[in-house]
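Take a look at the structure below.
Whatever order the structure lists ligands and atoms in, that order sets their numbers, starting from 1. Throughout, residue positions are numbered sequentially from 1 according to the sequence presented. Note: hydrogens, waters and symmetry copies are ignored here, and every other heavy atom, side chains too, is used.
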Amino acid sequence: MIRIDSVTKRYPDGTVAVDRLSLEIPDRSITVLVGPSGCGKTTTLRMINRMVEPSEGTILIDGKDSRQQPVNTLRRSMGYVIQNAGLFQHRTIVDNIATVPRMLGWGKEKARARARELMERVGLDGSLAKRYPYQLSGGQQQRVGVARALAADPPVLLMDEPFSAVDPIVRKGLQDELLRIQDELGKTIVFVTHDIDEAVKIGTMVAVMRTGGKLAQYAPPAELLSN
Ligand code: ADP
Ligand code: ADP
């Protein structure tokens, strides 16, 4: 479990991005952080993998202060997916996905075999393996981003507006795919979006944040107050 315990982030210019936030993120759930632009969602996500350090408060991973483990170990246990996939433009699809296993010391063929297996898992046709990112649609690129984040089989996936740049129909397909993956693999997913409909559709738990980085509500979708 990830426990965010009274965490505040104040950037050097004085901006309070997150204000005394406390959240318990259950294992094997999709916990969605939702709220207007600038309310501190990305900052919260980045504090979980220590791309941003909290100014106050503690983040506990399975009961242990996240600062107690080496940052590389922490990040290896957390796949990260961003809005425009952030793919390596000069690597083929299969090699994009194989990047992390390669970094972990896997041989090229083993890493590629793993990548092909993941392509299938995220609904990408194997014929796309040797293409480059620019030859794929936005929705396909996001699938590659998800596959790459899953490559080292991390228990946690951090997803920052992963489906926001694709059209509504493709987006619905990606949401369904994520629910299926979650069901099959049981990852702990923290998912950032500004779209309340998306939050309600995919969230096991929904954390509604408001401007100033405060938590307004934290509940399963069916129990969210409608205002
Ligand atoms: P993302 O890629 O998740 O959208 P960004 O790094 O682009 O995140 O920034 C998210 C928000 O933080 C944006 O509103 C951006 O304007 C703001 N931001 C990012 N860096 C700075 C900075 N150095 N100073 C002020 N605001 C920033
Ligand atoms: P969200 O993801 O909800 O859009 P962010 O976490 O990106 O919100 O940003 C929260 C607040 O912190 C915003 O006011 C943003 O401009 C500010 N911010 C984000 N990154 C920085 C930064 N590096 N320096 C200063 N302010 C920042």
Discussion item. Run the salt bridge (Lys or Arg N to Asp or Glu O under 4.0 Å) test against D65 and tell me which residues pass, sequence neighbours left out.
Written reply: R67

Worksheet item: Would you call P36 a ligand 2 contact, heavy-atom distance under 4.0 Å?
Response: yes

Worksheet item: Heavy-atom contact under 4.0 Å between G35 and ligand 2?
Response: no

Worksheet item: Does R46 count as lying over the ring of Y80, i.e. NZ or CZ under 6.0 Å from the six-ring centre, within 45 degrees of the axis?
Response: no

Worksheet item: Is A17 in polar range of ligand 2, meaning some N or O pair under 3.5 Å apart?
Response: no

Side chains of residues 181-190: which donor-acceptor pairs under 3.5 Å do they make with residues two or more places apart or in other chains?
from : atom 1 : to   : atom 2 : distance (Å)
Q182 : OE1    : K187 : N      : 3.4
Q182 : NE2    : R28  : O      : 3.0
Q182 : NE2    : K187 : O      : 3.2
E184 : OE1    : R121 : NH1    : 2.4
E184 : OE1    : R180 : NH1    : 3.2
E184 : OE2    : R180 : NH1    : 2.8
K187 : NZ     : D153 : OD1    : 2.5
K187 : NZ     : P154 : O      : 2.8
T188 : OG1    : R28  : N      : 2.9

Worksheet item: Out of D197, L224, T193, which one pairs with V34 under the side chain to side chain contact (heavy atoms under 4.5 Å, CB included) rule?
Response: T193

Item to complete: Would you indicate which of S37, G40, G14, G213 comes nearest to atom 8 (O) of ligand 2 when only heavy atoms are counted?
Response: G40

Discussion item. K201 vs E198, test: salt bridge (charged side-chain N to carboxylate O under 4.0 Å, His left out). Steps then yes/no.
Written reply: CA-CA 5 Å; K201 175 175 171 181; E198 182 167 65; over 6 Å; no

Discussion item. Is the distance from the ring center of F163 to that of F191 below 6.0 Å?
Written reply: yes

Worksheet item: Where's the contact between D13 and ligand 2, heavy-atom distance under 4.0 Å: side chain, backbone, both or neither?
Response: side chain

Practice prompt. Would you mind running through ligand 2 and noting each atom that sits below 4.0 Å from a heavy atom of T43?
Written response: 5 (P), 6 (O), 9 (O)

Worksheet entry | Close-contact set for ligand 2 against C39 heavy atoms, below 4.0 Å | 1 (P), 3 (O), 8 (O)

